[in-house]
Amino acid sequence: MVTEVQLFTEGGQTWEALAPEITLLLGVVMMLIIPNLGDAKWRIPMTQIRLPVLFGGKRFRATSDPQLPAMLAVATLLTALWQAVMSQSGEGQTWYLTSGSGAEANLMLRVDAFSRLMESVFYIALLLISVAMIDRMPAKRGKSLQMKQMINNRRQADFYILLLMSAIGMSIVTMAMDLFMFFVGLEIASLAIFVLVAFQKETPEGAEGGAKYFIVGAISSAVGLYGLSLLYIWNGNLQLLSNSVTGQIGLVEAWGAMDGVGALPLLGLCFVLVGFAFKVSAVPFHFAAPDAYSGASAPIGGLLATVSKAMGFIGLIRVLAMIASPEAESSAVWMMGLGIISLVTMTWGNLAALGSDNPKRMLAYSSVAHAGYMLAGLTAYGAWIGEGNEATTGAGEWILAAILFHLAVLVAFKLGAFLVLALVELDGPITSSKDLAGLAKRDPIIATAMFIFMLSLAGVPPLAGFMSKFLLIGGIVKMSLVDAASGVAMSDLHWTFWLALAVFLNSAISIFYYLRIGVVMFFDAPPNDRRKPLAHAWYIRFTIWACLTGTLLIGLNADFLIEYCQTAAATI
Amino acid sequence: MSTHQNANFKMGEREMILITGFFAIIAILTYMFPSLAETNSAGQIDWITMPLVGFPIIASGVLMAFASMASRRRKHNIEVPIKLASLFFSLFMLAITTSLFFGILESINWDFSIFNSYELEFSYAWNTTLGVNWHVGMDALSFSMVWLTTLLLPIVMITTWEEKAGWYHHPLILMMGGALIGVFVSLDLFMFYVFWELTLIPMFFLILKWGGSERRYAAQKFFIYTFTASVIMLLGIITLYFLNDGSFDITELTRSSQAASDRGDVWLGAKMQNALFLMFLLGFLVKLPAVPFHTWLPDAHVQAPTSGSMLLAGVMLKMGGYGLFRFCVSMFPDALVNFQWLLLTIGLVSLVYGSLVCLGQNNLKKMVAYSSVSHMGVITLGIATMEPLGFTAAIFMMFAHGIISPMLFAVCGSFKHHYHTLEIGAMRGLARHSPFLGVFMMFSWMASLGLPLLAGFVAEIAVLIAFWKAFGWWVLLPGLTLVITAAYYLWSMQKTIFEGGLEGELPESLQGESPVDISRWEGSGMMIMALLIVLFGILPWIVFDMMSGYSLAVFTGILGFGGV
């Protein structure tokens, strides 16, 4: 963990650092303009000359194409993804972006392997969602049951503009080195996602889910901001790292240097953590999640479960870096509290998922459970720092890499499961597991894909989900073997070992409801209104295939991704 | 018609599968031959990686994909070619293992074992970041299990040829075989765990698709029970991994354990070794299954189709016994000594409790399932004797039970198939109505209760001798249990085969149909198994010698006190 930076020593303030974000911004601007281009003419007064002004009027055939915004979004995201990956290929470069220069140079953004990795993950997820939504809001009347009212492509453009805006916010989140900057990014993304969740406003569930998610989200943001203000009062700035140029002390160092724990920073930190806990849907801030997941269209549910959660975890990693700084005496107490939260979160999530029949709600609760697993990882990370780094070398990096790995591979199987639901959803909304019944008869390949996603979520080898669970548990166990020489007794194990056991027992509970989906799909007769084969929607099928390939390939050989995550974790 | 189709051509799954399948076949062909050209330091060819593990799994995937396409088009009856292809592949695997056994492919002397040294050992890097290797190899223990698996696969396919329809039944069995062999040949803990879990999936589908009326409950119970136990084992695996500087290598771990016991140390410390032993033990005892953890087995067996039961009892239960030898005995010798009482208790309780519960059953398949629990208790007892002969007997029991119990389930299966009931006493006079089924039933029942000159007898008598050596007159306890075994077998035979059988006494489940005898397919499968049972009963040394060599190697290698 770096606590202090020398500004402008490596790299500088270049446009290349922000190339993906600039691309996204250009994409948004293009999307505002291009779908509105038409044959409007302006007659020069007193003459018969009509000059084409292009903006408005009857739109051209090309610009009125309902799929145009989707194509634009896909192109934009692909370009941004390419830029993000290319800038980090080979020798990874780090850029420091400051708010001013000279003695006022506050470090605002740091572009490094970590941010590039998370950006790529976000862009891939959004890309899959964009492709899956290409034909969901068609211009032709009656082509889709779900979105009957959305008959003009303005709404389509709105959707993708919001998606790209959220992408910009997420990019800022991955790079922010100043907590205020972090919150700005988080809010840009969150506001866009609030609207996306409520996009099915015609259905009562959509409206309900959207409203709940917005209200709870807004409150937790406000609480988080209040916490930030307290931290600002305490430290005088919200920089994470100390700055040798301006002489400012960063929050990490300030927290470590503190005698005992002051009430003000503690309160501030608690409030900030509440804001993030909502994002990762940790118990007890998870209540809006199931409603939001089931009210939103399935791909947006996938967005909430993967990308939105990942943003929350980036925040937790950043903030916990402060709490768990090696000098902080109080970190052990903190970690115990976090451990209890993680235990409650995973158990509650799994038990609630056992009892929910709606596949979307089930996936929402499974998302809560997964948040619990990762919180267990963070607990062990904090405990690792608290015990002193030299005890078990590499355990902390291992855990962080495992969390990043998990956030990355979630895009393959969690989003994949939601995309399968999106395909089924084309025949009518999904309200219970009966709507998935007989899927194997209607479409064996999609049912098999869904079953593989479920097994991956449960952590069955050799799928990607197993690898991520394996790495996470591995990190916790590695951490708990504090005295790793031979002759270690069980009583010498750190208490986080039992957290690892809890994760395992929980995944044994979870196998029950994941299997249930498989059983329903393969061995139940389809309901009467869902007997026809599934819609031949190539755009959704393509994304499902992509997710399936990712799940299998990463499961079979995760080498490159683990290495990438380890590189990224080292730069945090 | 064809132009019409072309006009509406869409890139669908079928085409995707076609392309994927095409590339898969190309990949098999291009990958398999170089891997066969590979030789290890002993100059042996890699007969394991592709021919025995990779090939059945990939081939069954390709077969299922093609069959799925063809069955959706409903043009041809794809079932028979798919079954024939699966049978062909399994015979191919059997040919390889049998030639390996007789030293045709490689000159391997299986009777001569050195502790922790493996034949056909090959290692390829899989995940370099974690240090996972595709590391395979066989010693006498794993080879006997692999041979048993390959023996059973074609037998299962032949026996259930007509019973269960469906194009993915036989490929699933093939896939199951590949995964099971993967468990037995893995010398890398990570790989071992992957295959250990992979075996669950085909079995889950076999039970769910072709099982009885309560199949859903049984399949989920089966999956959840074994999954829960194996995640505890996984925790043990991960702990072992980090305690040994990131090594999953079973040979390396065993070597360091051996080195520690040669020095007189307790490997990893006494408490940690005990804890790891218990974590692994739990996974294996549930799989075996031993008595407190056995409740999934009767449900799974009763609901599973014949093929599923045959594989489950024949090979899948042996995964537990195999794991006990490979890990609990070979890696944690000190903990094994500490927990000898536990194994002894569990073994005795399984043996006695299993037999007693058998007496109370009126469902034929359930009775056979509980008799499996009882026989698995013999394996635990064999290990608990801590005698080379006990170990040998346990391994031979695994082998013998692997041939006898599939036959029991085959008989139950044809009983169910032809008489639509499994209730003992509902069908009487089998000897009159279905003489062949009656003969096979009697034969397999006799084999299972341990009639001399049949394979089961050898294992039981060897365990009793070892038990007598270790614990003296306590041998009466397991010995008397055999009387109970004889009682329930004889009682069920008497009720089913010999009593009654007048024309008017047919069971109601037949609904007036005239009773039929077993079909040719069932008959040939059972006949092969019967011949094998007689063969290994009269000439047990065919495999007994190599098991004996293995047990002695284990004793001289790690347990420190050798000699018969």
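These numbers were taken from a predicted model, which means no experiment stands behind them. Naming convention: chains lettered A, B, ... in sequence-line order (proteins, then strands); numbering from 1 in each chain.
Between B/F242 and A/W398 there is a side-chain heavy-atom pair separated by less than 4.5 Å. When side chains are defined from C-beta on, B/L234 counts as touching A/F504, because their heavy atoms get closer than 4.5 Å.
Using a 4.5 Å cut-off between heavy atoms, B/F190 touches chain A through its side chain atoms alone. Using a 4.5 Å cut-off between heavy atoms, A/I509 makes no contact with chain B at all. Looking at B/L200, there are no atoms closer than 4.5 Å to chain A (heavy atoms on both sides), in backbone or side chain. In this structure, the portions of A/D524 lying under 4.5 Å from any heavy atom of chain B include both its backbone and its side chain. B/I237 does not touch chain A: none of its heavy atoms, backbone or side chain, sits under 4.5 Å away.
Smallest separation of non-hydrogen atoms from B/K209 and A/F523: CA-CE2, 3.3 Å. When all heavy atoms of A/D559 and B/W126 are compared, the closest pair comes out as OD2-O, 4.2 Å. The two residues A/R516 and B/Q220 have their closest heavy-atom pair at CA-NE2, 4.3 Å. The nearest pair of heavy atoms linking B/V231 to A/S507 is CG1-OG, 4.4 Å.
Your options are A/V519, A/I562, A/L455, and the one with the most heavy-atom pairs under 4.5 Å with chain B is A/V519. The most heavy-atom pairs under 4.5 Å with chain B, out of A/I473, A/L556, A/L471, A/L515, come from A/L515.
The aromatic ring centres of A/F451 and B/F205 sit less than 6.0 Å apart.
With values rounded to the nearest 0.5 angstrom, B/L235 atom CG is found 8.5 Å from A/W498 atom CH2. Summarising the geometry, atom CG belonging to B/L130 is positioned 5.0 Å from atom CE belonging to A/M467; distances are rounded to the nearest 0.5 Å.
The aromatic rings of B/Y241 and A/F470 are tilted relative to each other, their planes meeting at an angle between 30° and 60°.
By a heavy-atom distance cut of under 4.5 Å, A/A458, A/G459, A/V460, A/P461, A/P462, A/F466 are the residues of residues 457-466 of chain A near chain B, going up by number.
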